[in-house]
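See below for the structure under consideration.
Quick caveat: nothing in here was measured; it's all calculated off a predicted structure.
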Amino acid sequence: LYYAASTFASAQSCIGHATADSVGQGSPFVDQGSVICSDMNGAVENFNAIDPSIFFEDESQPWMVLGSYDSGIQIIALKADGSRLDSQRTTVATRSTNDPAIQAPYLMKRGDYYYLFVSFELSTDHNIRVGRATNLLGPYVDRDGNAMITDASQPGGGTLVLASDSRWKGPGSNLIFTDAAKRYNVYHAYDANSNGQATLRIAELNFDNDGWPVSGGP
């Protein structure tokens, strides 16, 4: 069980993990401490250790994709016991310093491509974007060939997967769930018909002829 602890609008953050013998009743989770922290104990680091998501390479090697704002989305390798493997940390997606809102990453693999889903913006402006790469550590590019890492010539790219409609506002923080032969996009949004109540949404996810995801939502 991975969790993030932080203070609002601060990069003083830690991702920790806890373990249990089973997920059944009566088997308590035991805290195993931090996996990765940012901007702690006087060490100013330009990333934010929140929003952890786990990806298994060939169902064996675990990785964690994480992060938000500042230097953007990061990937680190994990040990089989869920702790951090080494000190390496790779930045795979960023946005411009004038518009830094990027968060809630999720990784999946389909065919030869790794797909990196992220959320841009905040609150009711949330929207889900994606890029892909043939290497887990990138470089990730969007449908137009724009790199998801910002450089001096352009902000970080990302192909739009899902945005607000007249009712469901700010879709974001998604993951992909597979059931038999079908994939589903699971995310939150705000219901404009219920005073903006935060709501869990599930929509079928397909891929077009060029291999880019298309959500059946919102």
Side-chain angles (χ1 to χ4, degrees), residues 1-7 10-23 27-97 100-119 129-142 147-151 156-158 173-178:
L1 173 67
Y2 291 91
Y3 61 88
S6 187
T7 56
S10 166
Q12 292 184 334
S13 311
C14 277
I15 294 170
H17 77 304
T19 58
D21 293 332
S22 75
V23 295
S27 182
F29 280 88
V30 178
D31 188 40
Q32 303 297 335
S34 62
V35 177
I36 183 171
C37 295
S38 57
D39 204 12
M40 301 292 287
N41 301 320
V44 178
E45 298 170 293
N46 191 29
F47 75 101
N48 196 3
I50 63 172
D51 293 352
S53 179
I54 307 303
F55 174 80
F56 282 87
E57 177 69 34
D58 298 326
E59 299 184 359
S60 56
Q61 172 62 51
W63 298 82
M64 178 185 288
V65 57
L66 65 118
S68 173
Y69 288 79
D70 299 320
S71 64
I73 306 303
Q74 316 292 318
I75 294 180
I76 61 173
L78 301 176
K79 297 178 183 177
D81 66 3
S83 61
R84 190 171 180 179
L85 177 65
D86 54 37
S87 62
Q88 296 299 308
R89 173 172 56 85
T90 302
T91 301
V92 290
T94 60
R95 296 193 68 193
S96 70
T97 55
I102 183 172
Q103 56 195 328
Y106 182 81
L107 267 174
M108 65 164 285
K109 190 176 185 183
R110 178 180 182 268
D112 295 330
Y113 287 104
Y114 299 89
Y115 290 83
L116 176 63
F117 294 83
V118 297
S119 294
R129 306 270 176 159
V130 70
R132 69 185 186 186
T134 55
N135 185 299
L136 174 67
L137 300 181
Y140 286 86
V141 299
D142 66 17
M148 292 190 75
I149 292 183
T150 305
D151 61 28
S173 300
N174 74 310
L175 61 82
I176 310 303
F177 174 76
T178 301

### Task
Using atom types as modelled and distance alone, determine if a side-chain donor or acceptor of Ser38 lies under 3.5 Å from a backbone N or O of Ala11.
yes

### Query
Any idea which heavy atoms bring Arg89 and Ser71 closest together, and the distance?
NH1-OG, 4.4 Å

### Query
Would you call Ile102 and Thr94 a side-chain contact if the rule is heavy atoms closer than 4.5 Å?
no

#### Entry: Stepwise side-chain contact (heavy atoms from CB on, under 4.5 Å) check, Val118 with Ile73
CA-CA 8 Å; Val118 297; Ile73 306 303; 4.0 Å; yes

### Task
Could you tell me which residues satisfy side chain to side chain donor-acceptor pair (under 3.5 Å) with Tyr2, sequence neighbours excluded, listed by chain and number?
none

### Task
Return the set of residues passing side-chain contact (heavy atoms from CB on, under 4.5 Å) with Ala104 (not counting sequence neighbours), or none when no residue passes.
Asp51, Ser119, Ser173

### Message
Could you work out, with side-chain contact (heavy atoms from CB on, under 4.5 Å) as the rule, every residue matching Ala4, not counting sequence neighbours?
### Response
Ile15, Ile50, Pro52

### Ser10: partners by side chain to side chain donor-acceptor pair (under 3.5 Å), with sequence neighbours left out
Thr7

### Message
Which residues pass the side-chain contact (heavy atoms from CB on, under 4.5 Å) test with Glu57, not counting sequence neighbours?
### Response
Phe55, Gln61, Trp63, Lys109, Tyr114, Leu136

### Residue list, side-chain contact (heavy atoms from CB on, under 4.5 Å) with Ala5, at least two apart or on another chain
none

### Task
Please identify each residue that fulfils side chain to side chain donor-acceptor pair (under 3.5 Å) with Ser27, with sequence neighbours left out.
none

### Beyond-backbone contact of Leu107 with Tyr140, side-chain heavy atoms, under 4.5 angstrom
yes

### Task
Quick one: list whatever passes salt bridge (Lys or Arg N to Asp or Glu O under 4.0 Å) with Arg129, sequence neighbours left out.
none

### Message
Could you work out, with ring pair (Phe, Tyr, Trp, His ring centres under 6.0 Å) as the rule, every residue matching Tyr115, not counting sequence neighbours?
### Response
Phe207

### Query
Thr91: what forms a side chain to side chain donor-acceptor pair (under 3.5 Å) with it, not counting sequence neighbours?
Gln74

### Message
Let's go through Asp58 and Ser60 carefully: what are the C-alpha distance in whole Å and the side-chain angles of both, what is the deciding distance for side-chain hydrogen bond (donor to acceptor under 3.5 Å, both in side chains) to 0.1 Å, and is it a yes or a no?
### Response
CA-CA 5 Å; Asp58 298 326; Ser60 56; 5.6 Å; no

